[in-house]
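Letters go in sequence order (proteins before strands), and every chain restarts at 1.
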Amino acid sequence: MKILPILMITLGLVTAYTTLAEQTVNTGGLETIRGASTIDQTRKADRLKRVIKDKNPIKRNYVHQPPVIPHQIRGYRVDTNSNKCLTCHGWKYAAETGATKISLTHYESRDGKTLSEVSPRRYFCSQCHVTQADAPDLVDNTFKPIESLGND
Amino acid sequence: MTKESKIKNLWEYLRSPSSAALWFILAIGFTGGIIFWGGFNTALEITNTEEFCIGCHEMKDNVYEEYKETIHYSNRSGVRATCPDCHVPKKWTHKIVRKIAASKEVWGMLTGLIDTRDKFVDHRRVLAEREWKRMKENDSLECRNCHNFEYMDFSEQGNRSVKMHSSALASGEKTCIDCHKGIAHQLPDMKGIENW
């Protein structure tokens, strides 16, 4: 009898197909500040923001805030071979380039020892200092900057 | 024999039938010269393209890949600077000198001087220093072929650019390559280099 196996296979395929089709996918449906996104879909990328090109220093909001970068840093490499930021912000060159000197905290190691070179934990500048873009705030912020830093 | 009679003698000789061989040689030399000259210039043209430069994997896998991320490969105006724009002088005489110097690159390829990424990275400081020296000596001629200081509009440039361009550059104290190292490729270890 050859008809039996064929019958079995067709039946099996049909049931498999219907059960698969019935299964609903849990899409996540997470609502984030970037909008809703589901895992079975690729969200359209936001438009790239423009980095502010070259501005005077931007006021700080609190003491010990790492100041934000008021200029673009495209192509500035910071790696084992070179650190572009320090060619302007290092103490040797700051006067000539008009850049703010890195503060002495950048020479301190984790346990408070002062080193003769920029401390390894402060070597990768963009870990703490970031550029600014002309983008709207994603969340409301009621933080009031302190007055003594020249903010009104 | 006086000078005049010498010239007269030569003239007589050139008019005589026995000078035919000399004329023949001159003619061959002349046409040959033209053909050679043309071929030479064509060869120069071909070797002056980016495709030629990145025909060698030494150039393609290292410097070209890095350069693709930089402003001279893609920017808002879509104007590109290719390898020869920055590395081969426009002026004919300078070009010939650079081409002859570049023959050592073929030797470098044959001997596998920089045929792996590691070897290239190890050797990069030497190569970069040669380029810096060359550009320093010609006052960054290649940069200036495109970027003319005379036509830089300071009101369009950023604060930082204006500060440096109107001082050290305008006075001639420094040239482009003094401040713009690493504009198209990654840098070697910069220890001990002025301003780094």
task = Report the distance from atom CG of A:Asp79 to atom CD of B:Gln186, rounding to the nearest 0.5 Å.
result = 7.0 Å
key: Gap between atom CG of A:Asp54 and atom CG of B:Asn159 - 0.5 Å precision   = 5.0 Å
note = All heavy atoms of A:Tyr93 vs all of B:Trp196, minimum pair found to be OH-N, 3.4 Å
ask   = More than 12 foreign heavy atoms under 6.0 Å from CZ of B:Arg125: is that the case here?
value = yes
query = Does atom CG of B:Leu110 have more than 12 heavy-atom neighbours from other groups under 6.0 Å away?
reply = yes
query = So how far is it from B:Met190 CE to A:Leu86 CG, rounded to the nearest 0.5 Å?
reply = 12.5 Å
message = Quick test of your reading of the model: are A:Glu96 and B:Lys174 salt-bridged, counting only N-O distances below 4.0 Å?
response = yes
task = Give, for atom OG of B:Ser161 and atom NE2 of A:His71, the distance between the pair rounded to the nearest 0.5 Å.
result = 11.0 Å
message = Can you tell me if A:Lys92 has over 12 outside heavy atoms packed within less than 6.0 Å of its NZ?
response = no
request  = Go through A:Lys84, A:Lys55, A:Arg74, A:Gln72 and name the one with the most non-hydrogen pairs under 4.5 angstrom from chain B.
outcome  = A:Arg74
key: Path from B:Leu113 to B:Trp107 over hydrophobic side-chain contacts below 4.5 Å   = no
message = Count I, L, V, M, F, W, Y as connected when their side-chain heavy atoms are under 4.5 Å apart, and connections chain through other members. Are B:Met135 and B:Ile193 then in the same cluster?
response = yes
Within 6.0 Å of OH in B:Tyr151, more than 12 heavy atoms from elsewhere = no
task = Would you give the length of the straight line joining atom CE of B:Met164 to atom OG1 of A:Thr97, rounded to the nearest 0.5 angstrom?
result = 6.0 Å
ask   = Can you tell me if NZ on B:Lys104 sees more than 12 non-hydrogen neighbours from other groups inside 6.0 Å?
value = yes
ask   = Looking at OG of A:Ser82 and NZ of B:Lys181, how far apart are the two atoms once the value is rounded to the nearest 0.5 Å?
value = 11.5 Å
query = Would the number of heavy atoms belonging to other residues, nucleotides or ligands and lying under 6.0 Å from NZ of B:Lys119 be above 12?
reply = yes
ask   = In terms of heavy-atom proximity below 4.5 Å to chain B, should A:Asn56 be classed as side chain, backbone, both, or neither?
value = both
ask   = Is it the backbone or the side chain of B:Ile71 that comes under 4.5 Å from a heavy atom of chain A, or both, or neither?
value = both
message = A quick test of your reading: do over 12 heavy atoms of other residues, nucleotides or ligands sit less than 6.0 Å from NZ of B:Lys136?
response = yes
ask   = Which residues in residues 130-140 of chain A have any heavy atom lying under 4.5 Å from a heavy atom of chain B?
value = none
inquiry  = With clusters defined by side-chain heavy atoms of hydrophobic residues (ILVMFWY) lying less than 4.5 Å apart, directly or transitively, does B:Leu127 cluster with B:Ile177?
reply    = no
query = Should B:Ile54 and B:Tyr67 be regarded as members of a common hydrophobic cluster, given that ILVMFWY residues are connected when their side-chain heavy atoms come within less than 4.5 Å of each other, either directly or indirectly?
reply = yes
